[in-house]
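Report on the following structure.
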Amino acid sequence: MELSNPAVVRDLLAKYGLAPKKGYGQNFLINPRIPAEIAEVSRGYVPDDCPAGVLEIGPGVGSLTQRLAEEYDRVVAVEIDRGLIPLLSESLAEHDNVRVVEADFMKLDLPAFLDEHFGDLIRGGGTVSVCANLPYYITSPVLMKLLEAFPPERPVPFGSIVVMIQREVAQRLAAQAGQADYGAITAQIALRCRTEKRIDVSPGNFLPPPKVSSAVIALIPHGGIREVYPDAPGDDEDCRAFAERVSDLIELAFGQRRKTLVNALSGKYPKEKTAAALEACSHRPDIRGERLSAGDFCRLADALNK
Ligand code: SAM
């Protein structure tokens with residue numbers, strides 16, 4: 001079934017007595033070029049010669065799912081909206097490598113879910129990617145769940161995470177320390193992944209059109225926190241505790257972004273202690289958190305703990 005234009009998508013929804021639900025962030029892609037490009041970007045991060053699976057969050061009516069089914073050996077698509085499940089059976093009927101699971105992604109036990117649906121593929125030397133046109137109301141929680149469900153001292157077990165999100169958020173995720181868009185989530189993600197902004201997508205490509213512009217961004221997992229900060233503890237347990245301290249520090253630093261770090265952290269660390277730690281890391285005493293890279297936050301967390 002070709003989900004190539006607004007009339008086809010509208011008719012299909014009507015056939016199942018559905019209309020796009022705002023509460024679930026339902027803006028369906030109606031320009032077939034866009035899902036094809038997103039699926040190609042996603043597959044581009046996977047070597048040709050290994051079994052490849054992909055986890056899709058929110059298949060909607062199945063536009064991106066269809067293209068992913070052409071690029072990957074296996075697609076597992078998690079959809080929260082029960083009403084869409086019978087519709088997806090129809091729109092994906094020609095693709096026998098797709099499984100649709102009715103579930104709230106935020107409530108999944110992700111490691112157990114991956115093992116259940118991709119365990120055989122992973123044990124056979126395959127890789128799993130994540131690809132989605134995300135519901136914008138939960139972009140950051142979804143991304144943090146994808147990263148934080150796994151231990152920080154190892155690579156996040158995805159070949160890549162390629163997602164369409166609000167363009168402003170994409171710019172934030174791709175920003176460098178010191179740039180205006182740089183924020184807590186940028187630093188949190190940099191502890192686990194490098195980021196590449198890929199495609200801009202305008203509102204006219206969706207039904208209904210969202211109020212904001214969109215962009216596709218790729219998060220490519222690196223080796224974990226020890227790649228960002230080689231002095232992180234060698235013991236895995238200690239490394240996890242250290243990563244937690246770094247995350248807390250990032251949240252504190254950006255919780256009061258206009259304040260200097262000495263003031264922003266003062267609820268937790270005495271000002272003299274922060275000033276001394278900053279000096280030990282060769283930073284000015286009046287520096288703000290927005291100038292620190294993920295590695296800088298690691299170094300500071302270490303200095304504060306001494
Ligand atoms: N992939 C489709 C496309 O590109 O046309 C639909 C994308 S639409 C922006 C987001 C989809 O995510 C919707 O189908 C929505 O029902 C689903 N969704 C929203 N919250 C979800 C959640 N917590 N878990 C799983 N799916 C969710």
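First listed ligand is number 1; within each ligand, the first listed atom is number 1. Since the model is a prediction, treat every value here as computed from it, not as a measurement.
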For [atom], the protein heavy atom that lies nearest, with its residue and separation:
| atom | value |
| --- | --- |
| atom 5 (O) of ligand 1 | L29 N, 2.8 Å |
| atom 6 (C) of ligand 1 | G58 O, 3.4 Å |
| atom 19 (C) of ligand 1 | Y24 O, 3.2 Å |
| atom 4 (O) of ligand 1 | N133 ND2, 2.8 Å |
| atom 2 (C) of ligand 1 | P59 O, 3.3 Å |
| atom 23 (N) of ligand 1 | D104 OD1, 2.8 Å |
| atom 26 (N) of ligand 1 | I80 N, 3.3 Å |
| atom 16 (O) of ligand 1 | E79 OE2, 2.6 Å |

For this session: Compute the ring centroids of F158 and F150, then answer whether they are less than 6.0 Å apart.
Result: yes
Could you tell me whether Y137 and Y24 have their ring centroids closer than 6.0 angstrom? no
Enumerate the atoms of ligand 1 whose separation from the nearest heavy atom of [X] is less than 4.0 angstrom.
| X | answer |
| --- | --- |
| E56 | 1 (N) |
| A103 | 24 (N), 25 (C) |
| Q26 | 13 (C), 15 (C), 16 (O) |
| V78 | 25 (C), 26 (N) |

With the threshold set at 4.0 Å, does a side-chain nitrogen-carboxylate oxygen contact exist between [X] and [Y]?
| X | Y | answer |
| --- | --- | --- |
| R240 | E244 | no |
| D231 | R299 | no |
| D120 | R123 | no |
| R43 | E40 | no |
| D286 | R291 | no |
| K15 | E90 | yes |

May I ask you to check whether [X] has an N/O atom sitting below 3.5 Å from an N/O atom of ligand 1?
| X | value |
| --- | --- |
| M106 | no |
| F105 | yes |
| V61 | no |

Proximity flag [X] to ligand 1, non-hydrogen atoms under 4.0 Å:
| X | value |
| --- | --- |
| G62 | no |
| Y137 | yes |
| K21 | no |

So for I138 against ligand 1, with non-hydrogen atoms under 4.0 Å, the contacting part is side chain
Going by the 4.0 angstrom heavy-atom rule, the piece of P35 near ligand 1 is neither
Checklist entry - For C131 and Y72, what are the C-alpha separation, side-chain angles and deciding distance, and is it a side-chain contact (heavy atoms from CB on, under 4.5 Å)? => result CA-CA 11 Å; C131 189; Y72 282 90; 5.8 Å; no
When R258, R288, K271 are each screened for side-chain hydrogen bond (donor to acceptor under 3.5 Å, both in side chains) with N263, the one that passes is K271
- Check the pair E168 / V212 against side-chain contact (heavy atoms from CB on, under 4.5 Å), numbers first and verdict last. CA-CA 9 Å; E168 266 175 24; V212 293; over 6 Å; no
Q) Stepwise, does the side-chain contact (heavy atoms from CB on, under 4.5 Å) test hold for V163 with N133? A) CA-CA 6 Å; V163 284; N133 168 15; over 6 Å; no
Value for CD (Q26) from OH (Y136), rounded to nearest 0.5 Å, stands at 13.5 Å
Looking at G25, A132, P135, the heavy atom closest to atom 8 (S) of ligand 1 belongs to G25
